[in-house]
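Data first, discussion second: the structure below is written as C-alpha cells.
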Amino acid sequence: MSEFKVTSVLITGSNRGIGFEFVQQFLKCQNPPEKIFATCRDPGSPGSQKLKNLSSKNPNVKVIQLDTSDPASVNAAVKEVEKHLHGQHLDLLINNAGVLTNNHLESQTPEDMMRTYTINVVGPMLVTQAFYPLLKRAEGTGKSAVVHISALLGSLEDVPRVFSMFPAISYRCSKAALNMLSRCHAVGYKHDGIIIIAIHPGWVKTDLGGDQAPLTKEGSVGGMMKIITTLSEKNNGTFVDWTGKIIPW
C-alpha cells in the first residue's frame with residue numbers, strides 16, 4: 001500500500017486533547033512534516049502554553065490563531081499559512097475542533113444546539129472552504145486530504161444502542177450533520193483529487209471525553225495516524241473508527 005506523504009498539515013483545536021496529541025505524534029514520525037500548522041482559538045491563553053512550549057523547541061510547528069466559527073479569523077489564518085507554504089500546497093487538513101454537552105431531549109436548549117452546530121459543523125465548513133485552494137494545489141503533483149474528526153454518536157443506525165446512556169442531543173445531531181458535510185466534500189472535491197474521510201476517534205480520555213473513557217489519546221491518535229499515512233482514493237467518502245473499521249452512517 002502506497003504511503004500518503006504529509007509534508008504540511010493543519011490541525012484545528014490543537015492546544016489540547018486529541019489535537020495536541022496529533023501535533024506530538026506528527027513530530028515523532030520518521031519523516032515529520034516540514035510544516036505543522038497548530039491552530040487554536042487563543043494562543044495567548046494559559047491553556048495554550050504547552051503548545052507554545054512545543055513550538056519553541058520545534059521550528060516546524062507554527063502556532064496560528066484560528067477561531068473556526070469566525071470567518072475573519074479563518075481568512076487571516078489562510079493568509080498566514082500561505083506565507084509559510086511559499087507557493088506549495090497543503091497536504092492535510094484535520095478538522096478536529098469540537099464541543100460536547102450531554103443534554104437530554106427534555107433539557108436540550110436552542111442556544112446550546114446553535115452553539116454546537118456553529119462549532120462542530122459550520123466551523124469545519126468554513127475552514128475547509130477557506131483552505132480548499134491550498135489543498136487543490138496538489139492536483140497533478142500528488143494527493144491532499146481532509147480528515148473530519150466525527151463520532152460514532154453521529155451514526156443514525158447506532159442511535160438505539162447507547163442513546164439512553166448518552167443522549168447528547170446537540171452533539172449527536174451536529175456530528176450527523178458533519179458526516180453529511182464530509183460526504184458532500186467527498187463528492188464535490190473528488191475531481192480535484194482531494195481525499196475526504198470522517199473518523200471516529202473512539203471514546204478518549206480528554207476534557208471532552210472525561211476520565212471514565214477507556215481509550216488514551218496516544219492509542220486513539222496512533223490508530224488514526226495509521227489510517228492517515230495510508231490514505232488513498234478508495235478511502236474517499238468513508239466513515240471509519242480509529243482502527244479503520246467502517247461505521248454505518
Side-chain angles (χ1 to χ4, degrees), residues 6 8-27 33 35-45 47-52 54-55 60-82 84-85 89-100 115-135 144-151 154 171 174-175 177-179 181-182 185 189 194-201 204 206-209 217 220-221 224-225 227-228 231 242:
V6 179
S8 58
V9 54
L10 185 141
I11 307 155
T12 66
S14 60
N15 60 321
R16 61 179 184 172
I18 288 173
F20 185 69
E21 184 61 28
F22 263 122
V23 176
Q24 293 186 101
Q25 292 208 24
F26 273 114
L27 284 171
K35 297 286 189 300
I36 301 174
F37 300 108
T39 78
C40 58
R41 195 165 42 179
D42 186 3
S45 70
S48 300
Q49 191 58 51
K50 287 198 303 180
L51 180 60
K52 290 171 68 177
L54 196 65
S55 175
N60 56 334
V61 177
K62 311 296 181 184
V63 179
I64 295 177
Q65 193 279 330
L66 174 56
D67 181 343
T68 62
S69 61
D70 179 359
S73 174
V74 173
N75 290 333
V78 172
K79 292 178 181 178
E80 185 65 23
V81 168
E82 280 192 293
H84 293 287
L85 287 177
H89 67 271
L90 179 66
D91 289 306
L92 177 64
L93 166 63
I94 301 178
N95 282 312
N96 165 72
V99 65
L100 179 153
R115 173 177 174 267
T116 303
Y117 260 76
T118 297
I119 296 171
N120 292 0
V121 187
V122 178
M125 181 201 73
L126 288 174
V127 172
T128 306
Q129 199 172 54
F131 283 95
Y132 164 70
L134 301 186
L135 293 160
S144 60
V146 177
V147 173
H148 293 297
I149 302 301
S150 184
Y171 184 75
S174 70
K175 290 302 184 179
L178 178 62
N179 286 346
L181 179 66
S182 184
H185 281 159
Y189 296 154
I194 303 173
I195 301 165
I196 312 291
I197 186 171
I199 305 181
H200 164 54
V204 188
T206 61
D207 291 344
L208 188 147
K217 296 187 292 287
S220 169
V221 174
M224 290 190 285
M225 289 287 285
I227 295 168
I228 290 168
L231 280 175
W242 78 102

Per side chain to side chain contact (heavy atoms under 4.5 Å, CB included), V63 is matched among V23, L51, T39 by L51

*Begin from the C-alpha positions of V146 and Y189 and carry the test side chain to side chain contact (heavy atoms under 4.5 Å, CB included) through to its verdict.*
CA-CA 10 Å; V146 177; Y189 296 154; 5.7 Å; no

dist F22:CZ -> I36:CD1 (nearest 0.5 Å) comes out at 12.0 Å

Distance col, row I18:CD1 vs W242:CH2, nearest 0.5 angstrom, shows 11.0 Å

Q.
What verdict does the side chain to side chain contact (heavy atoms under 4.5 Å, CB included) test give for N60 and F26, after you've listed the backbone C-alpha separation in whole Å, the side-chain angles of each residue and the deciding distance to 0.1 Å?
A. CA-CA 11 Å; N60 56 334; F26 273 114; over 6 Å; no

What one should report as the nearest heavy-atom pair of S48 and C40 is OG-SG, 3.6 Å

Correct closest heavy-atom pair for V121 and L181 would be O-CD2, 3.9 Å

On a heavy-atom basis, the closest approach of S174 and T116 is OG-CG2, 3.6 Å

One should read off an interatomic distance between H148 NE2 and N120 CG, to the nearest 0.5 angstrom, of 12.5 Å

Value for CZ (R41) from OG (S69), rounded to nearest 0.5 Å, stands at 7.0 Å

Could you go through V9 and D91, starting from their C-alpha distance and side-chain angles, then the distance that decides it, and tell me whether this counts as side chain to side chain contact (heavy atoms under 4.5 Å, CB included)?
CA-CA 6 Å; V9 54; D91 289 306; over 6 Å; no

Smallest heavy-atom separation, K175 atom then A151 atom, equals CG-CB, 3.9 Å

Correct closest heavy-atom pair for S150 and Y171 would be O-OH, 4.4 Å

CE (M224) and CD1 (I149) are apart, to the nearest 0.5 Å, by 4.5 Å

Practice prompt. Kindly say whether I196 contributes a backbone atom to a donor-acceptor pair with the side chain of S182 at under 3.5 angstrom?
Written response: no

The side chain to side chain contact (heavy atoms under 4.5 Å, CB included) partner of F20 among N96, T206, V221, L54 is L54

So, the side chain of S144 versus the backbone of L90: is there a donor-acceptor pair under 3.5 Å, distance only?
-> no

Problem set entry | Any donor-acceptor N or O pair under 3.5 Å, side chains D67, S73 | no

The reported gap from NZ in K217 to CD in Q24 (rounded to nearest 0.5 angstrom) is 8.5 Å

When every non-hydrogen atom of P201 is compared with those of S220, the smallest separation belongs to O-OG, 2.7 Å

